[in-house]
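Down below is the structure, laid out as C-alpha cells.
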Amino acid sequence: MEQSQQHLLQLLYATSQGNKEAFAQLYKATSGKLFSVCLNLLRRNDWAEDVLQDAFVKIWHNAGEYHADKGTVMTWMISITRYRALDLLKSRRVKLEQTDSEAQINEYVAPEIPTGEQLGLVREKVKLDDCMSVLSEDHRNSIQLAYFNGLSHQEITAHTGTALGSVKSWIRRGLVQLKRCLES
C-alpha cells in the first residue's frame, strides 16, 4: 500500500471516530482533486462548490463504512463526490424537462449557441445519461474515470485496484454498448 493511501486511510479511520482535526487534514489533502472531479462533471463553479460540500458531509457521516477491499480511500471519496454531482445534474435535468422553456434552456447551455441547437444538446445529454445508466457499474465507472475525469488506464487500475486488462475490456465493451444505445 503506498504511503499516501496509508495516510488517507489513517485520516479516514480517525474521522470515523469523530476526530475533527483528522477530517480537516483529510479535506486539505483531497479537496483539490475532488473539486476537480466536480468541476469536470458540472462545468459550473457554484454547483461544484455545493457538491463538494455535500460530498464531504457524506464522507464525514460515512467514514466508518469504507472498506479497503472496495478500492482506495481516494477512489471511495471520488465515487461519493461523483454520485453527488450526478444527482445534481439529474435533478437539474428533471427541472429542465418539466419547464421546457427557452429561459430555462438558456440557463443550462451556453448562450452563444442558437436556441434550437441548445435544445438538441440538452436532448443529447439526456440520451447520453440514459444510455450510461444502463451500463454495468464496472463499465460505467471505468468510462467515467477515463473520459470525464481524464484518467489513463493505469490510473484507473491504481484507483480501482483492478487488473489493467479488465479496465481496458470494461471501457471497450462499455463504449460499444454506449454506441449501440446512442444509435438506437
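Sequential numbering from 1 along the given sequence is applied to the chain's residues.
With Ser79 contributing its side chain and Thr75 its backbone, the two residues share no donor-acceptor pair below 3.5 Å. At distances below 3.5 Å, at least one donor-acceptor pair connects side-chain atoms of Arg140 with backbone N or O atoms of Leu135. Checking side-chain atoms of Ser142 against main-chain N and O of Asp138 turns up a donor-acceptor pair under 3.5 Å.
Of all non-hydrogen atoms in Arg44 and Asp46, the two that sit nearest each other are NH2-OD2, 2.7 Å. Pairing each heavy atom of Val51 with each of Cys38, the nearest pair is CG1-SG, 3.6 Å. Annotation for Leu88 and Trp47: closest pair CD2-CB, 3.6 Å, computed over non-hydrogen atoms. Here the closest heavy-atom approach between residue Val73 and residue Gln5 is recorded as N-OE1, 3.0 Å. Scanning all heavy atoms of the two residues, the minimum distance from Thr72 to Ala158 falls at CG2-O, 3.6 Å. The two atoms that bring Ile143 and Gly174 nearest to each other are CD1-C, 3.5 Å, heavy atoms only.
Remark: Gln177 CD to His139 NE2 distance equals 5.5 Å, nearest 0.5 Å. Here Asp129 contributes atom CG and Leu86 contributes atom CG; the two are 7.5 Å apart, rounded to the nearest 0.5 Å. Between Ser36 atom OG and Leu41 atom CG the span is 9.5 Å, to the nearest 0.5 Å. Summarising the geometry, atom NE2 belonging to His7 is positioned 8.5 Å from atom CG belonging to Leu26; distances are rounded to the nearest 0.5 Å. Rounded to the nearest 0.5 Å, atoms OG1 (Thr162) and NZ (Lys168) are 14.0 Å apart. Here the CG-CD distance, from Leu12 to Gln25, works out to 13.0 Å after rounding to the nearest 0.5 Å.
The closest side-chain heavy-atom distance from Ile59 to Trp76 is below 4.5 Å. Looking at heavy atoms from C-beta onward, Trp170 lies out of side-chain contact with Asn141 at the 4.5 angstrom threshold. Here the side chains of Phe56 and Arg84 are not in contact, with every heavy-atom distance at 4.5 Å or above. Between Tyr27 and Leu11 there is no side-chain heavy-atom pair separated by less than 4.5 Å. Side-chain contact check for Met77 versus Leu8: every heavy-atom pair is 4.5 Å or farther apart.
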TODO: Show your reasoning for whether side chain to side chain contact (heavy atoms under 4.5 Å, CB included) applies to Glu155 and Leu145.
DONE: CA-CA 9 Å; Glu155 289 171 324; Leu145 287 171; over 6 Å; no
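Enclosure of atom OH in Tyr13 is not indicated, since only 12 or fewer non-hydrogen atoms of other residues, nucleotides or ligands lie within 6.0 angstrom.
No donor-acceptor contact under 3.5 angstrom links the side chains of Glu49 and Gln53, judged on distance only.
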